[in-house]
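Report on one structure; see the data block that follows.
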Amino acid sequence: MKQENILVCVAWPYANGDLHVGHVAGAYLPPDIFARYHRLKGNRVVMVSGSDAHGTPIVVRADKEGVTPREVFERFHQRFILTQQKLGISYDLYTHTDTENHHAISQQMFRKLLDNGYLFKARQKQLYAETQQRFLPDRLVEGTCPICGYDKARGDQCDNCGNLLDGTQLINPRSRIDGAAPVVRESEQYMWDLPALSGRISAYLADKDAYWRRGVLEFARNFATDVQPRAFTRDLTWGIPIPVPDAEGKCIYVWWEAVLGYLSATVEWAKVIGQPDAWKDFWYGDASDGSTRIYNFIGKDNILFHTVLWQGILLGMGNLGQPWDGDTANPVFNLPYDVPANQYLNLGGQKFSKSQGVSLDVIDLTEKYGPDAVRFYLSSIMPETRDADWAWADFAQRNNTELLGKWGNLIQRTLSQIWKNFEGRIPEPGPLTEVDTALIAQSEAAFDVIGDMLGKVRLRDALGEAMALATATNQYLDGQAPWKMIKVDRARAATQLYVAARVIDSLTVLFSPFIPNLCEAARRQLGYTEPLFGTQFVETLREATRDHDALRYDASLATGNWAPSALKPGQALGGEPKGLVARIELAA
RNA sequence: GGUGACGUAGCUCAGUCGGUAGAGCAGGGGACUCAUAAGCCCUUGGUCACAGGUUCAAAUCCUGUCGUCACCA
């Protein structure tokens with residue numbers, strides 16, 4: 001089969017607070033499962049993301065703490081790297097938006113849109129904080145609602161009556177940072193002529209019925225038909241300056257350069273691996289036969305940006321060639337093939353909210369329970385169709401009954417019988433009975449069935465299907481009872497245990513996108529010495545004026561294949577089998 | 001306020017083009033013992049948010065209400 005180019009784009013976390021399990025379940029774990037599957041299939045996978053470094057909230061936080069914005073975002077960038085490394089989110093490149101590379105490409109984006117006629121100037125009224133010499137985002141202003149009179153309405157919305165507001169409408173506005181009254185100031189900004197692109201965006205959305213999630217598509221179409229021009233620049237101190245003369249203090253609005261990160265990070269990845277043109281295979285490669293695909297994994301709050309606005313940028317830019325440099329030879333960008341947005345994960349029925357103490361520290365969780373217990377639970381309740389809920393009792397129960405009871409115990413009961421009765425070597429099978437071949441056939445078919453689900457980003461279903469095969473194997477063992485057979489017909493018992501071991505071998509691959517660590521460990525117990533996957537590492541990447549840390553993935557040692565087991569009789573187990581899955585006992 | 005999505009067993013969720021409601025877990029019972037008292041078999045349990053409507057037939061289509069969520073210069 002033809003090797004496919006799969007670009008896995010992951011939402012860029014904003015470097016202003018820690019990641020919690022809700023983020024992980026919604027946006028970070030799904031792409032990792034997806035990427036691991038495609039790597040096993042032998043496809044060329046690049047998975048990119050990074051920390052979103054710019055914007056006023058980071059500046060405000062920095063001011064509060066008396067440090068620079070760079071210090072704030074660097075701190076969270078390091079936390080994001082650590083968190084995702086602990087969970088095993090296998091980025092080919094996890095970078096950030098304050099690199100020279102990203103700045104340069106963002107400025108190219110601005111120039112392309114300007115040169116292509118999609119940006120125009122307009123004067124805007126905005127609230128300006130004289131005490132801080134800074135324009136204030138609407139959400140950082142509060143005052144009296146002009147509609148209902150509520151005196152703690154925010155500039156973007158009134159929490160009392162629910163109406164949307166413009167910060168300049170507030171009566172007695174005051175800064176939520178220091179309480180000082182802001183003033184209205186006019187400012188000239190570049191506006192993005194999104195309506196000029198709406199026809200092409202709608203055309204892009206027209207043929208997605210077959211495979212986009214319905215809610216995502218409805219949402220996108222709804223907006224694509226009626227778009228307004230949007231501010232493309234802001235008066236910002238911490239951002240990417242626009243590359244035009246006399247534009248002091250004007251930066252590209254954070255959202256636009258953040259989504260551009262998907263492109264710039266792919267470019268950076270290509271540089272880092274020493275093949276500077278490799279990114280073009282994904283962004284310019286022939287996608288007409290479906291063999292080159294771009295996926296964007298996000299939470300439901302980002303749907304608009306990733307199904308309409310980002311497409312608008314890509315269409316508006318056309319390509320990354322620079323007409324002002326005489327480079328017009330490049331073709332147009334590929335647009336995202338699918339945007340499998342997830343719903344939210346709540347915690348014990350409440351929304352995650354750090355300020356109200358509703359949060360779960362991911363680093364802490366992985367250290368206490370191991371990454372795979374967390375990955376398994378999040379995968380089995382993954383909010384693919386609607387909001388889901390993290391319930392502690394459910395977490396422990398699923399771990400103990402499914403991951404441990406069905407899967408871990410299946411390995412343990414099979415291998416320990418082999419260890420005790422067959423000198424720790426995979427036994428030589430005799431003739432296979434109908435029951436044997438039926439189970440093996442089921443395990444082989446599972447690669448297509450589960451692969452199909454994974455390819456369609458139905459991850460929760462795929463995990464359930466793998467677990468069903470584990471159950472079938474447990475049923476097989478209970479029906480065959482090799483522990484009895486060993487006493488009367490050693491050869492038949494050998495066959496039974498071989499069949500079970502062989503299906504387990506297949507299951508270590510089928511489960512591996514979800515619970516890679518447990519599967520690698522199970523394979524070592526089966527006697528394999530080579531890993532399915534590569535390894536993650538943190539590398540400091542150097543540019544001319546500054547360095548940055550990035551999370552990377554080295555696939556050179558990976559040997560996994562999305563293919564049924566070819567387990568060899570006689571293979572020596574990797575030592576006496578020991579339980580792989582830890583029981584979780586919650587304190588009462 | 002506008003737009004969209006969702007509301008199915010105690011819990012987490014499936015239900016494709018309308019045809020007498022499903023799975024896993026929890027609860028109850030049983031046979032076994034290789035296995036981390038795990039696994040296997042059987043089983044209780046639902047007026048499919050509510051109210052109307054279309055239809056021979058609606059969880060499924062339409063309208064309204066309530067609730068939840070997201071997005072909206």
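For the numbers below, each heavy atom of this structure counts, side chains included, while hydrogens, waters and symmetry mates do not. Chain letters run A, B, ... following the sequence lines, proteins first, then strands; residues in each count from 1.
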Counting distance alone, no hydrogens or angles: does the base of rU16(B) have a donor or acceptor under 3.5 Å from a partner atom on the side chain of Arg458(A)? no

Side chain of Lys420(A) only, heavy atoms from C-beta on: which candidate in rC71(B), rA35(B), rU12(B) is closest? rA35(B)

Among the nucleotides rC72(B), rU12(B), rA70(B), which one has an atom lying closest to any side-chain atom of Asp301(A)? rA70(B)

Report yes or no: do Gln189(A) and Ser187(A) form a side-chain donor-acceptor pair below 3.5 Å? yes

Ion pair Arg492(A)/Asp436(A), N-O distance below 4.0 Å: yes

Phe219(A) side chain, from C-beta outward: closest of rC25(B), rU3(B), rC71(B): rC71(B)

Measuring from the side chain of Trp483(A) (C-beta onward, heavy atoms only), which nucleotide among rU36(B), rU33(B), rU3(B) has the closest atom? rU33(B)

With B for base contact, S for sugar-phosphate-only contact and - for none (protein heavy atoms under 4.0 Å), nucleotides 39-44 of chain B reads BSS---

Just checking Val216(A): base, sugar-phosphate only, or nothing, at a heavy-atom cut-off of under 4.0 Å? nothing

Please report the distance, rounded to the nearest Å, between CZ in Phe223(A) and C1' in rA5(B). 12 Å

Side-chain contact check for Lys300(A): nearest option of rC13(B), rA70(B), rA35(B) is rA70(B)

Using a heavy-atom cut-off of 4.0 Å across all strands, would you classify Ile381(A) as base, sugar-phosphate, or nothing? sugar-phosphate

When all nucleic acid strands are considered with a 4.0 Å heavy-atom cut-off, which category describes Leu477(A): base, sugar-phosphate, or nothing? nothing

Ranking rC34(B), rU36(B), rU33(B) by distance to the side chain of Arg583(A), first place goes to rU36(B)

Which nucleotide in the list rC34(B), rU8(B), rC71(B) gets nearest to the side chain of Arg386(A)? rU8(B)

Over all strands shown, is Ala231(A) touching base, sugar-phosphate only, or nothing at heavy-atom distances under 4.0 angstrom? nothing

rG22(B) and rG45(B), which share atom name C1', separated by this distance in whole Å: 13 Å

